[in-house]
Enquirer: 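Encoded as structure tokens, here's the structure I'll be asking about.
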Amino acid sequence: MLEHFKGEEVFVKKILDYKDQIDYKQRLILTSFLDPYHQSIVRSIIGHGDIQIKEQGGFLNSESKRMILAPDFYEIEESDFEIVVCKIVYAKNFEKLSHRDILGALMSLGIKRELFGDIVEKDKEFYLAVDRPIYEYLKDELKMIKRSKVKLTKCQEEIEVKNEYIIKSFIVSSMRLDKIISSFYKISRQKAAEFIRAGHVKVNHKPVDQINYLCNNKDIISFKKHGRVMFVDCNRQTRSNNYVVEGYFYK
């Protein structure tokens, strides 16, 4: 959709402005949390000149990261990223929370998405990377998620992001995005096309509104309010020349 392109254009202008500030004012720039697609835009604009790029998301193998852009003579330290990793403490024997529950609670407090990074589950515990200035606000205001009382504590442990999947096999007649969405999420192709055109689908974190977009092996498809799935091409066809594919649905 047109607003997607406008949003991307605004982001590119912002990074170009950052580049000028670094070149002419020798400033250090700290970005908000960025998804992998926007991280790639930053790298493509900044290039490999006299500007150094460092990134950190708070976890090992973070997906969402903050980036520091600075003249190459700066010595960048981990504290410069201003990230707090916190643990969400709640009574797990009372109610099981999910990634979606935590995301919804943060958004309901009016926290902008760029102010927090990955939400990570490990050993039935949840961890969250947040912008340091909002940590105290969250600690004071985030008291309930669904029906569970919660509290935030700072985490000093190093947490690794490890995705877990539910794997399902499908037979499709085409690798078109509308057909993949229709098959994976068990909705009609007409409905799938409507969702895609309405901007509810991203591929590799980039909004895609073309129903005939051809999915590639290991594309990450995000479907608003339905979750994420990795598309896997099994390189097999049936006797009727349909394709055997798999969906790695993120838990």
Side-chain angles (χ1 to χ4, degrees), residues 11 14-15 18 22 27-43 45-46 51-70 74-90 92 96-145 148 150-165 202 204-206 220 222 227-228 230 250-251:
F11 183 75
K14 180 188 290 186
I15 302 306
Y18 287 166
I22 298 164
R27 286 193 57 198
L28 179 149
I29 301 290
L30 173 64
T31 73
S32 57
F33 285 95
L34 303 176
D35 62 38
Y37 172 62
H38 287 89
Q39 293 168 35
S40 69
I41 292 177
V42 173
R43 293 190 202 96
I45 292 173
I46 299 300
I51 299 176
Q52 60 175 316
I53 303 175
K54 301 291 183 182
E55 52 197 48
Q56 176 61 263
F59 303 104
L60 287 174
N61 302 322
S62 294
E63 180 178 277
S64 181
K65 297 177 182 178
R66 304 191 81 170
M67 305 179 82
I68 287 180
L69 317 174
Y74 269 82
E75 292 187 11
I76 297 170
E77 299 179 356
E78 190 169 330
S79 60
D80 293 328
F81 288 95
E82 298 190 10
I83 296 173
V84 173
V85 174
C86 47
K87 181 179 180 180
I88 301 172
V89 180
Y90 73 105
K92 291 175 284 300
K96 178 72 170 68
L97 296 181
S98 68
H99 181 285
R100 186 177 298 179
D101 296 330
I102 296 166
L103 178 62
L106 293 169
M107 302 301 276
S108 69
L109 286 175
I111 306 297
K112 293 182 179 180
R113 186 62 186 89
E114 61 265 27
L115 293 179
F116 61 93
D118 293 350
I119 301 168
V120 176
E121 183 177 9
K122 179 188 177 186
D123 299 330
K124 298 182 180 180
E125 303 279 6
F126 280 98
Y127 300 86
L128 171 67
V130 301
D131 177 46
R132 183 181 294 149
I134 68 160
Y135 170 70
E136 293 299 329
Y137 170 78
L138 272 179
K139 193 170 71 167
D140 292 339
E141 297 297 326
L142 188 61
K143 299 297 185 182
M144 294 283 292
I145 299 180
S148 295
V150 302
K151 68 175 182 178
L152 299 187
T153 61
K154 286 186 179 180
C155 174
Q156 306 301 328
E157 179 187 356
E158 192 168 51
I159 305 295
E160 182 177 3
V161 177
K162 292 183 178 179
N163 292 316
E164 295 183 354
Y165 309 96
K202 295 181 180 179
N204 299 325
H205 308 278
K206 180 180 180 180
I220 306 297
S222 304
R228 291 196 301 170
M230 181 191 300
Y250 286 67
K251 286 186 178 181

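Count residues from 1 along the sequence.
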Enquirer: Measuring from atom CD1 of Ile15 to atom CD1 of Ile45, what distance do you get when rounded to the nearest 0.5 angstrom?
Expert: 6.0 Å
Enquirer: Using the side chain to side chain contact (heavy atoms under 4.5 Å, CB included) rule, take Phe11 and Leu34 through it: C-alpha gap first, then chi angles, then the decisive distance, then the call.
Expert: CA-CA 11 Å; Phe11 183 75; Leu34 303 176; 3.9 Å; yes
Enquirer: Could you check whether atom NZ of Lys14 has more than 12 heavy atoms from other residues, nucleotides or ligands sitting under 6.0 Å from it?
Expert: no
Enquirer: Taking the side chain as C-beta and beyond, is there a heavy-atom pair between Ile145 and Tyr90 under 4.5 Å?
Expert: no
Enquirer: Between Ala70 and Ile22, which heavy-atom pair has the shortest distance, and what is it?
Expert: C-CG2, 3.8 Å
Enquirer: Could you label the plane-to-plane angle of the Tyr165 and Tyr250 rings as parallel, tilted or perpendicular, counting under 30° as parallel and over 60° as perpendicular?
Expert: perpendicular
Enquirer: Could you go step by step and tell me if Val89 and Val150 meet the side chain to side chain contact (heavy atoms under 4.5 Å, CB included) rule?
Expert: CA-CA 5 Å; Val89 180; Val150 302; over 6 Å; no
Enquirer: Is there a side-chain contact between His38 and Phe33 in this structure, where contact means two heavy atoms from C-beta onward sitting under 4.5 Å apart?
Expert: no
Enquirer: Is there a side-chain contact between Phe81 and Lys65 (heavy atoms, below 4.5 Å)?
Expert: no
Enquirer: Counting distance only, does the side-chain N/O of Asp118 pair as donor-acceptor with the main-chain N or O of Ser62 below 3.5 Å?
Expert: no
Enquirer: State whether the side chain of Asn204 and the backbone N or O of Ile220 hold a donor-acceptor pair below 3.5 Å, judged by distance alone.
Expert: yes
Enquirer: Of the non-hydrogen atoms in Val85 and Gly58, which two are nearest, and what is the gap between them?
Expert: CG2-O, 3.3 Å
Enquirer: Quick check: do Leu152 and Ile88 have side-chain heavy atoms less than 4.5 Å from each other?
Expert: yes
Enquirer: One pair to check against side chain to side chain contact (heavy atoms under 4.5 Å, CB included): Phe126 and Ile119. What are the steps and the verdict?
Expert: CA-CA 7 Å; Phe126 280 98; Ile119 301 168; 4.1 Å; yes
Enquirer: From Lys54 NZ over to Ile76 CD1, what is the distance, rounded to the nearest 0.5 angstrom?
Expert: 6.5 Å
Enquirer: Do Glu157 and Tyr127 have side-chain heavy atoms sitting under 4.5 Å apart?
Expert: yes
Enquirer: Evaluate the side-chain proximity of Gln56 to Ile83: yes if any heavy-atom separation is below 4.5 Å, no if none is.
Expert: yes
Enquirer: Roughly how far apart are Tyr18 OH and Met67 CE, rounded to 0.5 Å?
Expert: 12.0 Å
Enquirer: Verify, without hydrogens or angle tests, whether Gln52 (side chain) and Glu75 (backbone) share a donor-acceptor contact under 3.5 angstrom.
Expert: no
Enquirer: Return the OH to CD1 distance between Tyr74 and Ile68, rounded to the nearest 0.5 Å.
Expert: 10.5 Å
Enquirer: Could you measure the distance from the CD1 atom of Ile134 to the CG atom of Leu106? Nearest 0.5 Å is fine.
Expert: 7.5 Å
Enquirer: Taking 4.0 angstrom as the limit, do Glu125 and Lys92 come out as a salt bridge?
Expert: yes
Enquirer: Is the closest side-chain heavy-atom distance between Arg43 and Glu55 below 4.5 Å?
Expert: yes
Enquirer: Applying salt bridge (Lys or Arg N to Asp or Glu O under 4.0 Å) between Glu121 and each of Lys96, Lys251, Lys87, Lys162, report the one that passes.
Expert: Lys96
Enquirer: Answer yes or no: does atom CD of Glu158 have more than 12 heavy-atom neighbours from other residues, nucleotides or ligands under 6.0 Å?
Expert: no
Enquirer: Evaluate side chain to side chain contact (heavy atoms under 4.5 Å, CB included) for Asp131 paired with Glu114, printing each intermediate quantity in order.
Expert: CA-CA 9 Å; Asp131 177 46; Glu114 61 265 27; over 6 Å; no
